[in-house]
Amino acid sequence: MKKITVLLSIFVLALGILAAGCGGGSKGDKKAASGTPAAKEELIVGTEPSFAPFEFPEKDSKEFTGFDMDLIRAIAKEMGYKKCTIRNMGFDALIPAINSGNLDVSIAGFSITEERKKQVIFSQPYYKSGLAFVVRKDVNDVTKFEDLQKKTIAVQMGTTGALYADKLKEKGAVVKTFNTSDLACMELKNKGADAVISDLPVLQYFLKNGGSEYAKLAGEPLTAEDYGIVISKKNPELAKQVDAALDALKKNGTYDKLYEKWFGSKPAK
């Protein structure tokens, strides 16, 4: 047995030398931003692509586009991955998929909350957002959040907007939950809801792209929130590498370019 072990060790060593010789200097051998090579060639990313302008289907394509999508692809490249595979999942399924090991990371406009931090690791914040609400144009008696009492509110399930809407249930509000933000907005258009609570940039994009024909922003933003990338608590090293890649993208100007592409201005410093 010892002899076989020795021979096997020599064989493995030879293979290692051969692999090093073949790969020397190749662009594909780029190291991760943290200074260590990516553990795998492929980064598996989960998202729920109905959250424009962060993640949504690209027109005439099977690919997904948006700020989050551009950012995670840039992060994967910076970390040294050769491939970034993005999987479409329901929002409520993303954290369970992270914790079961079916995904490496998830990016889907996740607000960093204390409750979620009990389940997963968040990257450093990559976007500052906040909750807001829109109402149908024919709803004229809502100027602040409290005015939504006794109104019908549409929200995306599992989001902080849904949690906020629940505060009004005991005061007579009816809360309808939907799988996506798009469906919640469609309920508003069909007059099945008086209001939609969601993230401010999402609602602004919705209004800009046709929603303003029948909806309007009402009141002031409800909260200020940070978005973060989700990683399993079983993989703290990956979380460190994601943060290091984000730092690198901010330093080399890539982050600012992507931000300006999707939001029309550079991020506030």
Side-chain angles (χ1 to χ4, degrees), residues 45 47-61 63-78 84 86 88 91 105-112 122-137 145 154-156 159-161 164 180-186 188-189 195-230 242-243 245-269:
V45 180
T47 195
E48 199 279 297
S50 62
F51 202 60
F54 294 92
E55 42 267 327
F56 58 101
E58 190 169 0
K59 187 177 180 180
D60 301 324
S61 171
E63 298 295 323
F64 303 126
T65 189
F67 177 68
D68 282 358
M69 300 293 91
D70 282 354
L71 182 62
I72 199 63
R73 289 179 180 118
I75 287 171
K77 183 178 179 181
E78 182 65 34
C84 180
I86 298 174
N88 177 356
F91 189 80
V105 303
S106 179
I107 185 167
F110 271 104
S111 299
I112 300 174
F122 276 102
S123 70
Q124 61 173 285
Y126 69 86
Y127 184 85
K128 288 192 175 295
S129 182
L131 284 179
F133 61 96
V134 295
V135 298
R136 291 196 324 272
K137 279 192 170 180
F145 179 68
V155 294
Q156 181 180 1
T159 63
T160 51
Y164 226 80
T180 69
S181 180
D182 289 348
L183 290 175
C185 290
M186 184 61 68
L188 187 75
K189 182 178 182 179
V196 172
I197 300 176
S198 189
D199 294 54
L200 178 60
V202 173
L203 293 177
Q204 289 173 326
Y205 188 86
F206 154 70
L207 292 172
K208 179 182 175 183
N209 290 273
S212 61
E213 294 179 9
Y214 55 90
K216 60 185 178 182
L217 280 168
E220 297 295 322
L222 304 176
T223 62
E225 300 176 347
D226 289 325
Y227 288 173
I229 298 166
V230 174
V242 168
D243 276 346
L246 264 171
D247 284 337
L249 295 179
K250 289 177 179 179
K251 187 175 181 179
N252 66 26
T254 300
Y255 177 88
D256 284 2
K257 289 178 182 177
L258 295 179
Y259 193 102
E260 192 168 9
K261 170 185 174 181
W262 287 103
F263 304 110
S265 62
K266 291 185 178 180
K269 300 299 183 182

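The structure displayed is predicted, hence computed values, not measured ones. Numbers here simply count residues along the sequence, with the first being 1.
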Could you give the distance from [atom1] ([X]) to [atom2] ([Y]), rounded to the nearest 0.5 Å?
X: L203; Y: L217; atom1: CG; atom2: CG; result: 6.5 Å
X: K257; Y: D70; atom1: NZ; atom2: CG; result: 13.0 Å
X: F67; Y: F51; atom1: CZ; atom2: CZ; result: 13.0 Å
X: D199; Y: S181; atom1: CG; atom2: OG; result: 8.0 Å
X: I86; Y: T65; atom1: CD1; atom2: OG1; result: 9.5 Å
X: Y214; Y: K189; atom1: OH; atom2: NZ; result: 5.5 Å

At their closest point, which heavy atom of [X] faces which heavy atom of [Y], and how far apart are they?
X: A195; Y: L188; value: N-CD1, 3.5 Å
X: I112; Y: S123; value: CD1-O, 4.1 Å
X: N252; Y: T254; value: OD1-OG1, 2.8 Å
X: S129; Y: P201; value: OG-CD, 3.3 Å
X: F263; Y: P53; value: CE2-CG, 3.8 Å
X: C185; Y: F206; value: CB-CE1, 3.7 Å

Look at atom NZ of K137 and say whether more than 12 heavy atoms of other residues, nucleotides or ligands are closer to it than 6.0 Å. yes

Chi angles and distances behind the side-chain contact (heavy atoms from CB on, under 4.5 Å) call for Q156, E48: CA-CA 11 Å; Q156 181 180 1; E48 199 279 297; 2.8 Å; yes

Side-chain contact test, heavy atoms from C-beta onward, threshold under 4.5 Å: evaluate it for I75 versus I229 and give yes or no. yes

Show your working on side-chain contact (heavy atoms from CB on, under 4.5 Å) between L131 and T159 and close with a plain yes or no. CA-CA 10 Å; L131 284 179; T159 63; over 6 Å; no

Audit row: L200, L222, side-chain contact (heavy atoms from CB on, under 4.5 Å) steps and yes/no: CA-CA 9 Å; L200 178 60; L222 304 176; over 6 Å; no

Taking the inter-plane angle between the rings of F56 and Y205 on a 0 to 90° scale, is it parallel (under 30°), tilted (30 to 60°) or perpendicular (over 60°)? tilted

On the 0 to 90° scale, with breaks at 30° and 60°, tag the Y227-F54 ring pair as parallel, tilted or perpendicular. perpendicular

Classify the side-chain pair Y126/D68 by whether it contains a donor and acceptor separated by less than 3.5 Å. yes

May I ask you to decide if E225's main-chain N or O and T223's side chain share a donor-acceptor pair within less than 3.5 Å? no

Is it the case that the ring center of Y164 lies less than 6.0 angstrom away from the ring center of F133? no

Might you work through the side-chain contact (heavy atoms from CB on, under 4.5 Å) test for L207 and K216, ending with a clear yes or no? CA-CA 7 Å; L207 292 172; K216 60 185 178 182; 5.7 Å; no

